Amino acid sequence: MTDTLTTTPANTPLALNKKASITDIALRYGLILVLFVLVAVSQTLYPRFLDPQNIKNILSQNAPLGIVAVGMTLVMITRGFDLSVGASYAAGATVFASLAVGGWSLWAAGAVTLLIGLAAGLINGTIITRVNVNPFVATLGTTSAFSGLALLYSNSSPFVVSDKAFTTIGRGALLGVPISIWILGAVLIVGEFVLRRTVYGRSLYAIGGNDEASRLAGLPTAMLRTSTYVICGVCAALGGMIIASRLSIGQADIGASMALDSIAVVVIGGTSLMGGEGAVWRSAIGLLIVAVLTNLLDSLAVDSNYQLVIKGTIVVAAVALDSFARSRR
């Protein structure tokens, strides 16, 4: 009598499900592996990459982008876009610096700046949800309007701040860590908590998945979608405050690439362009990938034009990966 070994044929449902699960896990968490590989390559090609000071510089330099990306994540989860974040970012830097030059306390200047970001987001959200204008078209239009207002406000001239206290959030440190990194960390933690642990966050996913079904289920979809643009506007203004503080200058023509950069970070992180999927922690991974890649290319003195080509290719690859993942489901 012979013993037989029971095996699972490769084409059985069980085997196919196992393969699908492994592929899905790879698609969901592969970015973490990509980040580790990128860090390893960076350390090999640039031995000082993991130096604590270099890590601090990378994170502090990209803190404004990361903060804006958190707001953009919420917007994109609801199947939206906000191309005006660059203009809101520049307006925030301009207003914050101008008020400091005018003798305002930093707390008061900061509060006013954040309110301006809130107003910009509210305008975007209202146009999109109440007037039913496509988010791409609406925020493309408000980009021009907000930029024009900032230029008029500043008379197309920069505001240079000489007060050393103004540099606190941009160049100051707490417990040896730049304050801008503390702010970035706080925004990331709050954003992830809100999305994952609150009814509000779950409602955003529902709207992004199916707006009409969410409305019929009783969710105030217009108000919720508007709120994401408000949060995004505030995040953009906060990012503008940080960059103005770091440079001791506020001007209306900075942040020209902020919209595309923040969308790139969110898309690379895996938030779907079709809405209903995404996470702040994934955007944080996307930010680190972009930041590490930029630092590596800069350290290797790669021409900025080639850097644009590389980053653009990565964004296209990320979008293609998202389409592939959706087709599998």
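The residues of the chain are indexed from 1 along the displayed sequence. On a predicted model such as this, the values are computed, not experimentally measured, just so you know.
- In this structure, M258 and V68 have side chains that are in contact, with non-hydrogen atoms separated by less than 4.5 Å.
- In terms of hydrophobic clustering, with Ile, Leu, Val, Met, Phe, Trp and Tyr side chains grouped at heavy-atom distances under 4.5 Å, L99 and L152 are assigned to different clusters.
- The OG atom of S272 lies 10.0 Å from the CD1 atom of I77; values are rounded to the nearest 0.5 Å.
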Check your understanding: Taking it one step at a time, do S214 and T221 satisfy side-chain hydrogen bond (donor to acceptor under 3.5 Å, both in side chains)?
Key -> CA-CA 7 Å; S214 299; T221 56; over 6 Å; no
Would you be so kind as to tabulate the donor-acceptor pairs closer than 3.5 Å made by side chains of residues 60-67, with sequence neighbours excluded?
{"residue": "S60", "atom": "OG", "partner": "K56", "partner atom": "O", "Å": "2.9"}
{"residue": "S60", "atom": "OG", "partner": "N57", "partner atom": "O", "Å": "3.2"}
{"residue": "N62", "atom": "ND2", "partner": "I58", "partner atom": "O", "Å": "2.8"}

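- With values rounded to the nearest 0.5 angstrom, S88 atom OG is found 9.0 Å from I123 atom CD1.
- By the rule that hydrophobic residues join a cluster once side-chain heavy atoms approach within less than 4.5 Å of another member, L151 and L149 end up as members of separate clusters.
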Exercise for review: Quick one: do V161 and I249 satisfy side-chain contact (heavy atoms from CB on, under 4.5 Å)? Show the steps, please.
Suggested key: CA-CA 6 Å; V161 186; I249 190 172; over 6 Å; no
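- A ring-ring contact (aromatic ring centres under 6.0 Å, His included) check over residues 34-58, counting only residues at least two apart or in different chains, returns nothing.
- With sequence neighbours left out, R130 forms a side chain to side chain contact (heavy atoms under 4.5 Å, CB included) with T126, A222.
- Under 3.5 Å, the side chains of D82 and T139 contain no donor-acceptor pair of N or O atoms.
- Taking the side chain as every heavy atom from C-beta outward, L224 and T78 never approach each other to under 4.5 Å.
- Atoms CD1 and CZ, from I243 and R246 in turn, are 4.5 Å apart once rounded to the nearest 0.5 Å.
- The side chain to side chain contact (heavy atoms under 4.5 Å, CB included) search around V190 returns V194, not counting sequence neighbours.
- Residues I32 and L293 share a single hydrophobic cluster, defined by chaining ILVMFWY side chains whose heavy atoms lie under 4.5 Å apart.
- Identified under the side-chain hydrogen bond (donor to acceptor under 3.5 Å, both in side chains) test for residues 143-162, with sequence neighbours left out: S98-Y153.
- Rounding to the nearest 0.5 angstrom, the gap separating the CD1 atom in I207 from the OG1 atom in T228 is 8.0 Å.
- If you chain together hydrophobic residues whose side chains sit under 4.5 Å apart, I289 and L33 fall into the same group.
- Separation of atoms CZ (R282) and CG (L287) is listed at 14.5 Å; rounding is to 0.5 Å.
- R79 and G209 get closest at one heavy-atom pair: NH2-O, 3.4 Å.
- Heavy-atom minimum distance, V265 versus A69: CG1-CB, 3.9 Å.
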Validation: residues 101-118 side-chain donor-acceptor distances under 3.5 Å, sequence neighbours left out:
{"residue": "S105", "atom": "OG", "partner": "A108", "partner atom": "N", "Å": "3.2"}
{"residue": "T113", "atom": "OG1", "partner": "A109", "partner atom": "O", "Å": "2.7"}

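- Here the side chains of S283 and V70 are not in contact, with every heavy-atom distance at 4.5 Å or above.
- A distance of 10.0 Å separates OG1 in T44 from CG in L296, rounded to the nearest 0.5 Å.
- For the salt bridge (Lys or Arg N to Asp or Glu O under 4.0 Å) condition, the pairs that include at least one residue of residues 205-221, sequence neighbours left out, are E212-R215.
- With sequence neighbours left out, D253 forms a side chain to side chain donor-acceptor pair (under 3.5 Å) with Q251.
- Considering all non-hydrogen atoms of both residues, P135 and R225 come closest at CG-NH2, 4.2 Å.
- Judged purely by distance below 3.5 Å, without hydrogens or angles, the side chains of S42 and N295 never pair a donor atom with an acceptor atom.
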Practice item. Apply the test side-chain contact (heavy atoms from CB on, under 4.5 Å) to residues I263 and V85: give CA-CA distance (whole Å), side-chain angles for both, the deciding distance (0.1 Å), then the verdict. Key: CA-CA 10 Å; I263 291 173; V85 290; over 6 Å; no
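- Y229 belongs to a hydrophobic cluster whose remaining members, ordered by chain and number, are V75, I128; membership requires side-chain heavy atoms of ILVMFWY residues under 4.5 Å apart, directly or through intermediates.
- Judged purely by atom type and a 3.5 angstrom limit, T94 uses its side chain to pair as donor or acceptor with the backbone of A252.
- R202 and R197 get closest at one heavy-atom pair: NH1-C, 4.0 Å.
- Under the rule for a side chain to side chain contact (heavy atoms under 4.5 Å, CB included), the partners of S248 that lie at least two apart in sequence or sit in another chain are T167, R171.
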Practice item. Start with the C-alpha distance between T271 and M76, add both sets of side-chain angles, then the distance that settles side-chain contact (heavy atoms from CB on, under 4.5 Å), and finish with yes or no. Key: CA-CA 7 Å; T271 294; M76 291 179 64; 4.1 Å; yes
Exercise for review: Please step through side-chain contact (heavy atoms from CB on, under 4.5 Å) for the pair L238 and V187, ending with a clear verdict.
Suggested key: CA-CA 10 Å; L238 177 58; V187 173; 4.2 Å; yes
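- The ring-ring contact (aromatic ring centres under 6.0 Å, His included) contacts involving residues 161-217 comprise F96-F166, where partners must be two or more places apart or lie in separate chains.
- Considering every non-hydrogen atom in both G170 and S180, the closest pair reads O-OG, 4.5 Å.
- A heavy-atom distance below 4.5 Å is not found between the side chains of L195 and W281.
- By the rule that hydrophobic residues join a cluster once side-chain heavy atoms approach within less than 4.5 Å of another member, L297 and L50 end up as members of one cluster.
- For M72 against S262, the heavy-atom pair with the smallest separation is CE-OG, 3.4 Å.
- Applying the side chain to side chain contact (heavy atoms under 4.5 Å, CB included) test to A90 and every residue at least two apart in sequence or in another chain returns I254.
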